[in-house]
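Right, one structure below, let's go through it.
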Amino acid sequence: MEQTLADVSDIFDSVVYLDESLRQEGFEDGYKDGLVSGKEEGKEVGLKMGFQVAEELGFYQGCVDVWNSVIQVDSGAFSSRLQKSVQQLGDLLRKYPLLDPENEQVQEVMDGIRLKFRIISANMGVKLEYKGYTKSSGMEDM
């Protein structure tokens, strides 16, 4: 009788061990698959966000370039205060850490750029604003 109980105990031990090993194997497979898909998704999100930031910065830089061209052609077109604000916006754009996206000041600098741009637009009496990239630019698939 003792032999029979030992055999039954061994059978249950092997079932429990099999169950645990299969669970661990499934966990490891899922973890590996999650890492791969997480990296792919992160790359896609990073590309999309990088494009949006670069497009917004390009919009502001384009405005600064146009305003500086106007200042070169007719220095009296803008007040000295407005000219100084345009120069400050250009400085902020150059200060943006394009090559260091993990820089803690990224959002702070972007907020400063947006604020300076709104101030300049208000002082000019025009309503200019960056409205984001258009859906027809082909980026909606990302």
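What you see is a predicted model; the values in this text were computed from it and never measured.
- Distance CD/Q87 to OG/S80: 11.5 Å, rounded to 0.5 Å.
- Between the CZ atom of F117 and the CZ atom of F59 there is a distance of 4.0 Å, given to the nearest 0.5 Å.
- Counting all heavy atoms, side chain and backbone alike, S85 lies closest to I120 at O-CD1, 3.4 Å.
- At most 12 non-hydrogen atoms from other residues, nucleotides or ligands lie less than 6.0 angstrom from CD of E108.
- Cluster annotation: L128 and Y60 are assigned to the same hydrophobic cluster (Ile/Leu/Val/Met/Phe/Trp/Tyr, side-chain heavy-atom contacts under 4.5 Å, transitive).
- Separating the NZ atom in K84 from the CG atom in D91 is a distance of 11.0 Å, to the nearest 0.5 Å.
- For E41, the CD atom counts as loosely surrounded, since its 6.0 Å shell holds 12 or fewer non-hydrogen atoms of other residues, nucleotides or ligands.
- Tracing side-chain contacts under 4.5 Å through hydrophobic residues (I, L, V, M, F, W, Y), one never reaches L115 starting from M110; they form parts of separate clusters.
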ask   = Under the side chain to side chain contact (heavy atoms under 4.5 Å, CB included) criterion, do Q83 and W67 qualify, and how do the steps go?
value = CA-CA 8 Å; Q83 289 180 24; W67 294 331; over 6 Å; no
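- Residues L89 and I119 have side chains not in contact (no heavy-atom distance under 4.5 Å, counting atoms from C-beta outward).
- Between the side chains of E28 and Q24, at least one donor-acceptor pair of N or O atoms lies under 3.5 Å.
- Evaluated for a side chain to side chain contact (heavy atoms under 4.5 Å, CB included) with Y96, the options L98, L93, L92 yield exactly one hit, L98.
- Nearest heavy-atom pair across V70 and A77 is CG1-CB, 3.7 Å.
- Hydrophobic clustering (side-chain heavy atoms under 4.5 Å, transitive across Ile, Leu, Val, Met, Phe, Trp, Tyr) groups F78 together with V126.
- Put simply, CZ on R114 and CD on E56 are 4.0 Å apart, with the number rounded to the nearest 0.5 Å.
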query = Could you go step by step and tell me if Q52 and E55 meet the side chain to side chain contact (heavy atoms under 4.5 Å, CB included) rule?
reply = CA-CA 5 Å; Q52 291 172 349; E55 186 178 49; 5.7 Å; no
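- In this structure, CD in Q61 is found 7.0 Å from CZ in R94, a value given to the nearest 0.5 Å.
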request  = With side chain to side chain contact (heavy atoms under 4.5 Å, CB included) as the test, would you mind laying out the steps for K127 and S121 before giving the verdict?
outcome  = CA-CA 6 Å; K127 185 173 178 168; S121 297; over 6 Å; no
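- No side-chain N or O of Q72 forms a donor-acceptor pair with one of N68 less than 3.5 Å apart.
- Between the side chain of S75 and the backbone N or O of I71, no donor-acceptor pair lies under 3.5 Å.
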task = I would like to know whether L57 and I113 meet side chain to side chain contact (heavy atoms under 4.5 Å, CB included); could you show each step before the answer?
result = CA-CA 9 Å; L57 291 171; I113 290 170; 3.8 Å; yes
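- Between R23 and E20, at least one side-chain nitrogen of the basic residue sits less than 4.0 Å from a carboxylate oxygen of the acidic one, meeting the salt-bridge criterion.
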